[in-house]
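Below, chains carry the letters A, B, ... as their sequence lines are ordered, and counting in each starts from 1. We use all heavy atoms of the structure for the numbers below, so side chains are in, but hydrogens, waters and symmetry mates are not.
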2 protein chains.
Amino acid sequence: MLDLDDFLPYRLNVLAKRVSRELARRYEAQFGISIPEWRVMAILGREQPLSSNDIVERSAMDKAKVSRAVTSLVEAGLIARDTHPSDQRLLRLSFTVKGKALYDRIAPLALEWQQRWLNCLDEAELAQFKALSAKLEGQLEQLARDVL
Amino acid sequence: MLDLDDFLPYRLNVLAKRVSRELARRYEAQFGISIPEWRVMAILGREQPLSSNDIVERSAMDKAKVSRAVTSLVEAGLIARDTHPSDQRLLRLSFTVKGKALYDRIAPLALEWQQRWLNCLDEAELAQFKALSAKLEGQLEQLARDVL
DNA sequence: GCATATTCGTTTCATATGAAACGATATCGG
DNA sequence: CCGATATCGTTTCATATGAAACGAATATGC
């Protein structure tokens, strides 16, 4: 019989949504920033400058969402948006001083929060969980491709 | 450093969203039913009749979403909605014949799809993954409570 | 070179979402 | 009993979402 509590697609969605809500509450309350905006920041924190499309590829967000997040961040003075010199279709996105400062404040807090969350697992368990998640994601891609 | 690919809240969201999309495509295309609607069906498949509130509790959906899903299902002739005899605030939701027939068609397919997805893990891995997910969910509740 | 196709990012549009207000019913305290 | 409070489900409202249309810029084929 189909028991929803045992149906993994459902369980994963509940878990993911709860994590998101938890994090969103913190980002929003403390820094006035949404999750999509924070994702853009996080990606820029790793590599800079990037085009919107680079961010789409790295973030698993669609381009409309990225476009909106970027616009907000620019309006908030957190990132700078100019056009690529040799290809004017591309944006060149990078932190402003203010944006970098905010990133440097948020990133450790996000990691620390994750740490508090994950400390219910030991090293091995965490590694296991990540490995299994990756497997599931790979298999999912397979199945998706089958249908297309 | 904060690497989004290694940030579990993010990873989980990507995975959960992809699973949802994959499933939604099938439900929608084959049966003309949305995920919230399917969740209501799945819950009724286990226990019947139930009030809307029962479904809210069992589904981790908010009551507005449940209300909409129920309305759609009633309009589609898949479930019956009458009022509880001794408490007129409560609905009494149950399958129609047509609804039960549809449930009996979908449930095996959903399980079979899950099977195909999960067969990339062996018994032990799957058990492990579920156990770890449950741990993470428990810890999340702890953290959420701390803030409140 | 020039017409065609492609890529990039924005915007539009229709739909989904959830918090809060709401009306209806039921319960509780005095 | 009856006024105050709580519960149930719907609806409203403001916002989020993503597919598709779009304009601008570039690449490609002839």
Side-chain angles (χ1 to χ4, degrees), chain A residues 13-14 16-18 20-25 27-29 32-40 43-44 49-75 79-94 144 148, chain B residues 13-14 16-18 20-25 27-29 32-40 43-44 49-75 79-94 144 148:
Chain A
N13 258 288
V14 171
K17 176 144 289 191
R18 290 204 175 132
S20 272
R21 216 197 310 277
E22 207 46 42
L23 269 182
R25 225 167 58 189
Y27 293 154
E28 179 63 43
I33 215 175
S34 72
I35 286 202
E37 285 158 27
W38 163 242
R39 283 191 187 161
V40 170
I43 288 169
L44 283 178
L50 290 174
S51 70
S52 280
N53 216 34
D54 292 333
I55 292 178
V56 167
E57 283 170 6
R58 288 164 177 68
S59 71
M61 296 193 280
D62 66 284
K63 61 187 181 172
K65 209 179 206 172
V66 169
S67 172
R68 287 164 186 142
V70 165
T71 299
S72 291
L73 290 170
V74 170
E75 280 167 4
I79 67 176
R81 166 174 53 186
D82 56 7
T83 63
H84 192 283
S86 74
D87 184 343
Q88 302 196 22
R89 292 171 306 180
L90 276 63
L91 294 180
R92 221 174 32 179
L93 303 169
S94 49
L148 296 179
Chain B
N13 258 289
V14 171
K17 176 145 289 193
R18 288 200 176 136
S20 272
R21 216 197 313 277
E22 208 44 45
L23 269 182
R25 225 167 57 189
Y27 293 155
E28 179 63 43
I33 215 175
S34 72
I35 286 202
E37 285 159 27
W38 164 242
R39 282 190 187 162
V40 170
I43 289 169
L44 283 178
L50 291 174
S51 72
S52 280
N53 216 33
D54 292 332
I55 292 177
V56 167
E57 284 170 4
R58 287 163 176 70
S59 71
M61 297 193 280
D62 66 285
K63 60 187 182 173
K65 208 180 206 172
V66 170
S67 172
R68 287 164 186 141
V70 165
T71 299
S72 290
L73 290 170
V74 170
E75 280 167 3
I79 68 176
R81 166 174 54 186
D82 56 8
T83 63
H84 192 283
S86 75
D87 185 342
Q88 303 195 21
R89 292 171 306 180
L90 276 63
L91 295 180
R92 221 174 32 178
L93 303 169
S94 49
L148 295 179

Phosphate oxygens OP1/OP2 of [N]: is one of them under 4.0 Å from a side-chain N or O of [X]?
X: B:Arg89; N: D:dT10; result: no
X: A:Lys63; N: C:dG9; result: no
X: A:Lys17; N: C:dG18; result: yes
X: A:Arg81; N: C:dT10; result: yes
X: A:Ser67; N: C:dG9; result: no

Does A:Arg68 get its side chain close enough to the base of C:dT12, under 3.5 Å, for a donor-acceptor pair?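 Donor-acceptor pair under 3.5 Å: yes.
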
Side chains of [X] and [Y]: does their closest heavy-atom pair fall under 4.5 Å?
X: A:Pro85; Y: A:Arg92; value: yes
X: A:Leu44; Y: A:Leu50; value: yes
X: B:Met61; Y: B:Pro36; value: yes
X: B:Ser59; Y: B:Val40; value: no
X: B:Val66; Y: B:Asn53; value: no

Figure out the [atom1]/[atom2] separation between [X] and [N], and round it to whole Å.
X: B:Arg25; N: D:dA19; atom1: CZ; atom2: C1'; value: 15 Å
X: B:Arg21; N: D:dG18; atom1: CZ; atom2: P; value: 7 Å
X: A:Glu75; N: C:dT10; atom1: CD; atom2: P; value: 11 Å
X: A:Leu93; N: C:dC8; atom1: CG; atom2: P; value: 14 Å
X: A:Ile35; N: D:dT15; atom1: CD1; atom2: P; value: 18 Å
X: A:Met61; N: D:dT17; atom1: CE; atom2: P; value: 10 Å
X: B:Asp82; N: D:dG9; atom1: CG; atom2: C1'; value: 15 Å
X: B:Leu91; N: C:dA26; atom1: CG; atom2: P; value: 13 Å

Closest to side chain of [X], choosing from [options]:
X: B:Asn53; options: C:dT10, D:dG9, C:dA19; value: D:dG9
X: B:Ala64; options: C:dT17, C:dT25, C:dA19; value: C:dA19
X: B:Ser52; options: C:dG9, D:dG9, C:dT25; value: D:dG9
X: B:Asp62; options: C:dT17, C:dG9, C:dG18; value: C:dG18

For B:Ser34 and A:Thr71, take the nucleotide of DNA chain C holding the closest heavy atom to each; which residue's nucleotide lies nearer the 5' end?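 With B:Ser34 and A:Thr71 compared, the 5'-side residue is A:Thr71.
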
Taking A:Lys63's backbone N and O only, do any of them form a donor-acceptor pair with A:Ser67's side chain (distance below 3.5 Å, no angle check)?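 No, the answer is negative, given that no donor and acceptor are paired below the 3.5 Å cut-off.
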
Could you check whether A:Ser51 gets within reach of a base, just the sugar-phosphate, or nothing at all, counting any heavy atom under 4.0 Å? sugar-phosphate

DNA chain D: A:Pro85 or B:Val66, which has the more 5' nearest nucleotide? B:Val66

